Amino acid sequence: MSDSMRVSIGDLADSSRVDDERALLASLPTGVFVGGEWRASSDGATFAVTDPSTGETLLDIADATPDDGEAALAAAHGAQREWARTAPRERAEILRRAFDLVTARADDFALLMTLEMGKPLAEARGEVAYGAEFLRWFSEEASRISGRYATAPDGRSRLLVTKRPVGPSLFITPWNFPLAMATRKIAPAIAAGCTMVLKPAALTPLTSLLFATVLEEAGLPAGVLNIVQTTRAGAVTGPLIRDPRLKKLSFTGSTGVGTRLIADAAEQVLRVSMELGGNAPLLVFDDADLDQAVDGAMLAKLRNGGEACTAANRLIVHEAVLDEFTDRLVARMRTHTIARGTAPDSKIGPLVDEGTRTKVHELVEDAVASGATIALGGRAVPGSGWFYEPTVLTGLAPDARILHEEIFGPVAPIVSFATEEEAVELANDTEFGLVAYAFTKDLARGLRLSEELDVGMFGLNTGIVSNPAAPFGGVKQSGLGREGGFEGIEEYLETRYVGIADPFGV
Ligand code: NAP
């Protein structure tokens, strides 16, 4: 380990905190949630959710079977007609109450996410605020669903265009943002009048279970939201995707799984939204404010320990500022304390599991084998938990795997460029197109980049773009559709057109 890097894993022994953790875990439901009831899985199976800081079991919970999946879809289908008829204002008020309840219980949600996913508590609190905002935003959108009435161009008929809820929807979510990835789908679906089945990631299902209790308390009717946490993802969701009662699939996760689900969904021409992987470039031009660029790079690289689809995967820096930017980034990353997320000084928690850490280290080793230099870090932290040192790599070969694959860890590969054209070419050299970042004081250049970069989102002089009021999503293999913003509710609405004879009978 680099001598001056701070590692503090001593928080594990704090007894009052351990009591808080135990009390929170003991308060959670452990069943699958179907038709408004918590029940054991149909075969009685359970699975353990573990703490990535220690590898210890947090809680054993029901492991849903394909029969439970079927029951959940039946409940969603059964509740759909009545739910679609509720007043938009009623759906809005349920969402608003849910926002208030999540906000009031922010500490519980944050602690739970830290326990099951590993992120530092400060980041978990940030996710609670972000995740809750989707509830507030879509509570405001629920009563703004509208249509139009128009006279046909030839004047001989009338056109009535309305929006209808799509219908029962299946949500499959990843482990990296256990609350926000769920609320980004659930909130617009509630606003639009859709019922749903949620299959959270097996690594982090507990946050969804707590969230379901909040929605119950907020008055969500039975059957509108059903949850089937499982270790048998394909076996449980496959039959649902082929079931004609299902009308929509929204998936957030890897491009590999997403493309297989798109193929499955094609069988019944199921509507899909896909929030998939990323390989974000972060460009630093020679006219950039370097303080701002380093701040932005820290945020874009180390938010969630690098385990974010929006993480800066490639830092592409103008050759005139390469050395200074690298030195400053190394100095900042070195100060990040690596510790269990519950430790007050934790800035970097563990990676989510052993496989993730192994992959991160393999990418670093591959880069070094092809000529890269380690400017900081480069090693797993010994001892319990899946900790990895914040790492900076320079002098990378263009074909190093780390420049082409999603890293999902706290590793910053830096490459250089000489001209704006070269920077754009490097940035677009990926099959992904989720987000890009650029730092420059030249507004015209910033606007050129916003048009030239092949991405769904672009951060200009900022290292973060996520905002519930903005449409989140990517192009190319980063996905289909948008979550959040005015656009987010459209994913759950179907357009219906009614042709009407000329009421004047002309
Ligand atoms: P993942 O392995 O693709 O898993 C995502 C979800 O799909 C999990 O719930 C997983 O269940 C489930 N799943 C896996 N195989 C399945 C199958 N055959 N059929 C149905 N469901 C299946 O992704 P992850 O490792 O959890 O998350 C990281 C990925 O998500 C990264 O690529 C990241 O970029 C992407 N992501 C994208 C966004 C975005 O908005 N674009 C946001 C966050 C994350 P199990 O838990 O049981 O495996």
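Model, not experiment: these values are computed from the prediction. Atoms within each ligand, like the ligands themselves, are counted from 1 in listed order.
Within ligand 1, counting atoms from 1 as listed, the ones closer than 4.0 Å to a heavy atom of Phe472 are 39 (C), 40 (O). Within ligand 1, the atoms closer than 4.0 Å to a non-hydrogen atom of Phe408 are 28 (C), 31 (C), 33 (C), 34 (O), numbered from 1 in the order shown. Those atoms of ligand 1 with a heavy atom of Thr252 less than 4.0 angstrom away are 5 (C), 36 (N), 37 (C), 38 (C), 39 (C), 40 (O), 42 (C), 43 (C), 44 (C). Those atoms of ligand 1 that come under 4.0 Å of a heavy atom in Met181, given as number and element, are 42 (C), 43 (C).
By the 3.5 Å distance cut-off applied to N or O atoms, Trp175 is counted among the residues near ligand 1. Considering backbone and side-chain atoms alike, Arg260 places every N or O at 3.5 Å or more from each N or O of ligand 1. Taking only nitrogen or oxygen atoms, main chain and side chain alike, Pro174 does not reach within less than 3.5 Å of ligand 1. The N/O atoms of Ala202, backbone and side chain alike, include one that comes under 3.5 Å of an N/O atom in ligand 1. Geometrically, ligand 1 and Thr255 share no nitrogen or oxygen pair separated by less than 3.5 Å. An N or O contact shorter than 3.5 Å links Glu406 to ligand 1 by distance. For the pair Asn176 and ligand 1, the shortest N or O to N or O distance does not fall below 3.5 Å.
Not a single protein heavy atom sits closer than 4.0 Å to atom 48 (O) of ligand 1. For atom 11 (O) of ligand 1, a protein heavy-atom neighbour is present inside the 4.0 Å cut-off.
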Check against side-chain contact (heavy atoms from CB on, under 4.5 Å), Asp51 and Arg340: CA-CA 10 Å; Asp51 178 343; Arg340 188 183 195 227; 2.5 Å; yes
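Of the possible donor and acceptor atoms, none in the side chain of Thr462 sits under 3.5 Å from a partner among the backbone N and O of Gly459. Counting only distance, with no hydrogens or angles, the side chain of Thr255 and the backbone of Gly277 share a donor-acceptor pair below 3.5 Å. Judged by distance alone, with hydrogens and angles left aside, the side-chain atoms of Thr50 form no donor-acceptor pair with the main-chain N or O of Pro52 at under 3.5 Å. With Gln268 contributing its side chain and Ile241 its backbone, the two residues share a donor-acceptor pair below 3.5 Å. Within the 3.5 Å criterion, the main-chain N or O of Gly378 finds a donor-acceptor partner in the side chain of Tyr388. In this structure, the side chain of Asn279 does not engage the main chain of Thr430 through any donor-acceptor pair within 3.5 Å.
For the pair Lys476 and Phe432, the cation does not sit on the ring face, since its NZ or CZ is not both under 6.0 Å from the ring centre and inside 45° of the axis.
The single protein non-hydrogen atom nearest to atom 18 (N) of ligand 1 is Gly234 CA, 4.0 Å, given as residue, atom name and distance. With respect to atom 35 (C) of ligand 1, the closest heavy atom belonging to the protein is Gly253 O, 3.2 Å. Protein heavy atom closest to atom 20 (C) of ligand 1, with residue, atom name and distance, is Thr237 OG1, 3.2 Å. When hydrogens are left out, the protein atom nearest atom 21 (N) of ligand 1 is Ala233 CB, 3.7 Å; that is the closest non-hydrogen contact. The protein heavy atom nearest to atom 3 (O) of ligand 1 is Ser254 OG, 2.5 Å. Protein heavy atom in closest approach to atom 36 (N) of ligand 1: Cys309 CB, 3.6 Å.
Test Glu406, Glu405, Glu354, Glu307 against Lys359 for salt bridge (Lys or Arg N to Asp or Glu O under 4.0 Å) and you get one pass: Glu405. Among Glu127, Glu133, Glu483, the one residue that satisfies the salt bridge (Lys or Arg N to Asp or Glu O under 4.0 Å) test with Arg184 is Glu483.
Ring pair Phe134/Phe138 is parallel by interplanar angle, where below 30° counts as parallel and above 60° as perpendicular. Taking the six-membered ring where tryptophan is involved, the planes of Trp175 and Phe408 are perpendicular, since the angle between them exceeds 60° and thus also 30°.
The residue from Thr173, Leu434, Thr230, Leu276 that puts a heavy atom closest to atom 9 (O) of ligand 1 is Thr173.
With 3.5 Å as the limit, one finds a donor-acceptor pair spanning the side chains of Thr195 and Gln80.
Shown here for Leu282 and Ala297, the closest heavy-atom pair between the two residues is CD1-CA, 3.8 Å.
Within the structure, the closest approach of Phe177 to ligand 1 does not fall below 4.0 Å when heavy atoms are considered.
At a heavy-atom cutoff of 4.0 Å, ligand 1 is contacted by the side chain of Arg184 but not by its backbone. Within the 4.0 Å heavy-atom criterion, the part of Val257 lying near ligand 1 is the side chain and not the backbone.
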